[in-house]
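To find a chain, count down the sequence lines: A is the first, B the second, and so on, and within it residues start at 1. The structure presented is a predicted model; accordingly, all values stated were derived computationally and were not measured.
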Amino acid sequence: MFTFQKTTARVRRGQLETAHGVIETPFFMPIATKGAVKTMSSSDMKKLGAQILLSNTYHLLLRPGLESMCELGGLHRFMNWNGPILTDSGGYQVFSLSKMNKTTEEGVTFQSHIDGARVNLTPELSMQMQTAIGSDIVMQFDDVAAGDSSRERYKEAMERSLRWARRCKLEFVLLRATSGSEAISADERKGIASSPAAPRNDTLLFGIVQGGTHEDLRERSARGLMEIGFDGYAIGGLSVGEKREEAYRIVKRVCEILPQDKPRYFMGGGMPEEIVAYVQMGVDMFDCVLPTRNARHGTLFVWNQDPSTIDWSIYQEPRPDTLFYDRLRVTNESLATDQSPLDPYCDCETCTTSSRAYLRHLFGVQELLALRLATIHNLHFYLTLMRFLREWISKAA
RNA sequence: GGAUCGGUGGUGUAGCCCGGUUAACACGUCUCCCUGUCACGGAGAAGAUCGCGGGUUCGAAUCCCGUCCGAUCCG
């Protein structure tokens, strides 16, 4: 169930109800690909104020695997996280691990990056695995085209994603219907899982809009998905190499088509100013590796002004003249004896306990604490950004 | 006192025997990048007049002589 208050023509502020609690929208999901936000514990994430985590079907399918996940009773219990979890379907891994896989209409055959074993991931298996994980928000299995693809490739990926969306919906409904019932045997579920768990009635299933940078393909994708009917709609296949102007144009267009009363999720993005812009186009949900990966690579997002007084409406353009933050390269030599805080406007654990010089030192001597402190700060930055955006929208309402 | 081995960017080495374009490699350093995370990863840059002095040669890190420093061994 998604309720929202419309403020201006597009901007939304709302609540998304999931099996593990209500999430205030718009929100950002830290990424716990393999069942953990790198360097962070579940209680760390709770302390940071994360409302929901994102995990990945493909990675958890390789380890610990479908049967083990069923036996373990799902990811919430396994990683001791009692908030909501969204799982990516594995579709993106087809794209990001493209050297190691082969796509057919049936699905994708991966060569495991762990032991080289063949893994055949289909829409049905993705649904079964996400169900075994106990995901609160299940994503359809989709086909992602690279950012510089031809129109034909974009069209192919979009049409295939649409067909796979239909199969995902069918399998999802089937899994739910067979919960505790003998009506359909495990064999009839293509014999993949001996005892896949059933999705709860309040588990949400999202479709993913594809179509690259072509508005007509995007429109066909969105309308096709709406016809099938999903609990929410994601915009996929962006931030994969295309120009930012193109992404803005597409998001704006897709948000005009998608139903008002369902949550919208921009997958995989982005830089802070992109999120600010997409929120103002009517997007409710985000996830991105940038805060966590950049943290581990020594780049911190720091406010360059008091975030409580920012007029976010000036960030609707793809290339604003100025940004509200700087990227602090914490390994830079110039910080060697800089005892000032990383971010004067931040009150996270890292900023209140560590100077720039100290964090730089920890990176230099490769102390694991460096990765953790940097991650805490960057996630705090993103989560705080979302909080300020929600407050700003509420005020405007 | 004598013998042997060794001195090449910040560190560790290669090249030397069989002289030849901008002296190579690893790590480190510096800068930049990262968008539904295979990846504490990727890209690039700076940095050595080859211990010092002389000689041979068109040309020396490379061959010869001397010298300084270090290690080991013999007295």
Side-chain angles (χ1 to χ4, degrees), chain A residues 28-39 52-63 86-101 110-116 119 126 130 135 137-147 161 206-210 232 234-244 247 251 265-275 277-278 283 285-301 327-336 360 362-375 378 382:
Chain A
F28 176 81
M29 300 179 273
I31 299 188
T33 299
K34 297 182 253 187
V37 176
K38 293 188 197 305
T39 76
I52 172 172
L53 301 180
L54 178 148
S55 195
N56 189 282
T57 304
Y58 169 71
H59 297 282
L60 294 177
L61 182 64
L62 296 186
R63 289 185 301 202
L86 177 147
T87 40
D88 188 19
S89 62
Y92 187 77
Q93 277 59 49
V94 180
F95 162 70
S96 65
L97 306 174
S98 56
K99 287 165 233 143
M100 299 189 267
N101 68 61
F110 288 90
Q111 186 162 9
S112 164
H113 66 272
I114 297 162
D115 59 7
V119 182
S126 180
Q130 293 187 69
S135 180
I137 303 177
V138 170
M139 300 305 300
Q140 77 152 98
F141 190 60
D142 64 342
D143 184 8
V144 184
S161 293
F206 279 37
I208 304 176
V209 178
Q210 289 293 351
I235 303 170
L238 290 175
S239 299
V240 286
E242 79 291 338
K243 287 206 170 72
R244 190 180 287 186
V251 172
Y265 166 24
F266 180 88
M267 303 191 78
M271 291 298 283
E273 72 277 18
E274 295 178 83
I275 290 179
Y278 293 145
V283 177
M285 306 165 54
F286 300 89
D287 79 280
C288 192
V289 300
L290 280 172
T292 42
R293 184 192 287 162
N294 276 6
R296 281 178 277 115
H297 293 166
T299 301
L300 301 196
F301 294 95
R327 280 189 280 177
L328 180 68
R329 254 78 65 164
V330 80
T331 54
N332 281 13
E333 198 170 30
S334 57
L335 306 183
R360 178 178 186 277
L362 294 180
F363 267 100
V365 298
Q366 297 185 58
E367 278 295 344
L368 298 178
L369 182 59
L371 309 182
R372 178 176 154 74
L373 289 175
T375 300
N378 272 358
Y382 265 69

K.L.:
Rounding to an integer number of angstrom, what distance separates B/U62 and B/G51 when you compare their C1' atoms?
P.N.:
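Approximately 16 Å lies between the C1' atom of B/U62 and that of B/G51.
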K.L.:
Look through every strand shown and name the nucleotide pairing with B/G19 as Watson-Crick or G-U wobble, where both distances are under 3.5 Å.
P.N.:
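Per the H-bond distance test, none.
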K.L.:
Counting the atoms with a prime plus P, OP1 and OP2 as sugar-phosphate, which does A/Gly237 contact under 4.0 Å by heavy atoms, base, sugar-phosphate, or nothing?
P.N.:
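Contact class for A/Gly237: base.
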K.L.:
Which is true for A/Arg244 with a 4.0 Å heavy-atom rule: it touches a base, it touches only sugar-phosphate, or it touches nothing?
P.N.:
base
K.L.:
Taking pairing as Watson-Crick or G-U wobble with both contacts under 3.5 Å, can you name the mate of B/A3, or confirm there isn't one?
P.N.:
B/U72
K.L.:
Return no unless some side-chain N or O of A/Asn332 is found under 4.0 Å from OP1 or OP2 of B/C32.
P.N.:
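For B/C32, OP1/OP2 do have a side-chain N/O of A/Asn332 under 4.0 Å.
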K.L.:
Is the backbone of A/Tyr58 close enough, under 3.5 Å, to the side chain of A/Asn56 for a donor and an acceptor to pair up by distance?
P.N.:
yes
K.L.:
Which sits closer to the 5' end of RNA chain B, A/Val37 or A/Thr331, going by the nucleotide each is nearest to?
P.N.:
A/Thr331
K.L.:
Need to verify one output field. Residue with the more 5' nearest nucleotide on RNA chain B, A/Leu371 or A/Gly268?
P.N.:
A/Gly268
K.L.:
Could you let me know what B/G41 is paired to, Watson-Crick or G-U wobble, both distances under 3.5 Å, or none if it's on its own?
P.N.:
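Pairing partner: B/C33.
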K.L.:
Look through every strand shown and name the nucleotide pairing with B/A46 as Watson-Crick or G-U wobble, where both distances are under 3.5 Å.
P.N.:
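By the stated definition (distances under 3.5 Å), nothing pairs with B/A46.
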K.L.:
Taking any heavy-atom pair under 4.0 Å as a contact, classify A/Lys34: base, sugar-phosphate, or nothing.
P.N.:
sugar-phosphate
K.L.:
Would you classify A/Val144 as touching base, sugar-phosphate or nothing, given that sugar-phosphate means primed atoms plus P, OP1 and OP2, and contacts are heavy atoms under 4.0 Å?
P.N.:
base
K.L.:
Partners of A/His297 by ring-ring contact (aromatic ring centres under 6.0 Å, His included), sequence neighbours excluded?
P.N.:
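None.
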K.L.:
Using a cut-off of strictly less than 4.0 Å, decide whether A/Arg296 has a side-chain nitrogen or oxygen near OP1 or OP2 of B/C34.
P.N.:
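It does not, given that no N or O in the side chain of A/Arg296 lies less than 4.0 Å from OP1 or OP2 of B/C34.
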K.L.:
Look at the side chain of A/His297 against the base of B/C34 and say whether a donor-acceptor pair falls under 3.5 Å; ignore hydrogens and angles.
P.N.:
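Check passes, donor-acceptor contact within cut-off.
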K.L.:
Is a side-chain donor or acceptor of A/Asn101 paired with a backbone partner of A/Phe110 at a separation under 3.5 angstrom?
P.N.:
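Between the backbone of A/Phe110 and the side chain of A/Asn101 there is no qualifying donor-acceptor contact (under 3.5 Å).
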K.L.:
Among the candidates B/U35, B/C30, B/C33, find the nucleotide nearest to the side-chain atoms of A/Arg360.
P.N.:
B/C30
K.L.:
Please state whether the base of B/G36 and the side chain of A/Asp142 form at least one donor-acceptor pair under 3.5 Å?
P.N.:
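Yes.
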K.L.:
Please give the nucleotide sitting opposite B/A24 as a Watson-Crick or G-U wobble pair, both distances under 3.5 Å, or none.
P.N.:
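Check on B/A24: paired to B/U13, both distances under 3.5 Å.
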K.L.:
How is A/Thr39 classified with respect to the nucleic acid when contacts are heavy atoms under 4.0 Å: base, sugar-phosphate, or nothing?
P.N.:
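No contact.
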K.L.:
With side chains defined as the heavy atoms from C-beta onward, is the minimum distance between A/Ile208 and A/Met139 less than 4.5 Å?
P.N.:
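Touching, per the 4.5 Å side-chain cut-off.
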K.L.:
Ignoring backbone atoms, test whether A/Arg63 places a side-chain nitrogen or oxygen under 4.0 Å from the OP1 or OP2 oxygen of B/C38.
P.N.:
no
K.L.:
Would you indicate, yes or no, if B/G42 has its OP1 or OP2 atom less than 4.0 angstrom from a side-chain nitrogen or oxygen of A/Arg293?
P.N.:
no
K.L.:
Have a look at A/Thr87 and tell me which of A/Leu53, A/Thr57, A/Ile137 forms a side chain to side chain contact (heavy atoms under 4.5 Å, CB included) with it.
P.N.:
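The single option meeting the side chain to side chain contact (heavy atoms under 4.5 Å, CB included) with A/Thr87 is A/Thr57.
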K.L.:
Taking the side chain as every heavy atom from C-beta outward, state whether A/Met271 and A/Leu290 have any pair of such atoms under 4.5 Å apart.
P.N.:
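Side-chain contact under 4.5 Å: yes.
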K.L.:
What contact category does A/Asn294 fall into here, base, sugar-phosphate, or nothing, at under 4.0 angstrom with non-hydrogen atoms?
P.N.:
base
K.L.:
Less than 3.5 Å between a donor and an acceptor, one on the side chain of A/Glu333 and one on the base of B/U31, is that the case here?
P.N.:
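Side chain to base: no pair below 3.5 Å.
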K.L.:
What nucleic acid atoms does A/Glu242 come within less than 4.0 Å of, heavy atoms only: base, sugar-phosphate, or nothing?
P.N.:
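Since no nucleic acid heavy atom lies under 4.0 Å of A/Glu242, the category is nothing.
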K.L.:
Partner lookup for B/U56, please. Criteria are Watson-Crick or G-U wobble with both distances under 3.5 angstrom; report none if nothing qualifies.
P.N.:
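Looking at the geometry, B/U56 pairs with no nucleotide.
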K.L.:
Name the nucleic acid region contacted by A/Leu62, choosing base, sugar-phosphate or nothing; use a 4.0 angstrom heavy-atom cut-off, strictly under.
P.N.:
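No contact.
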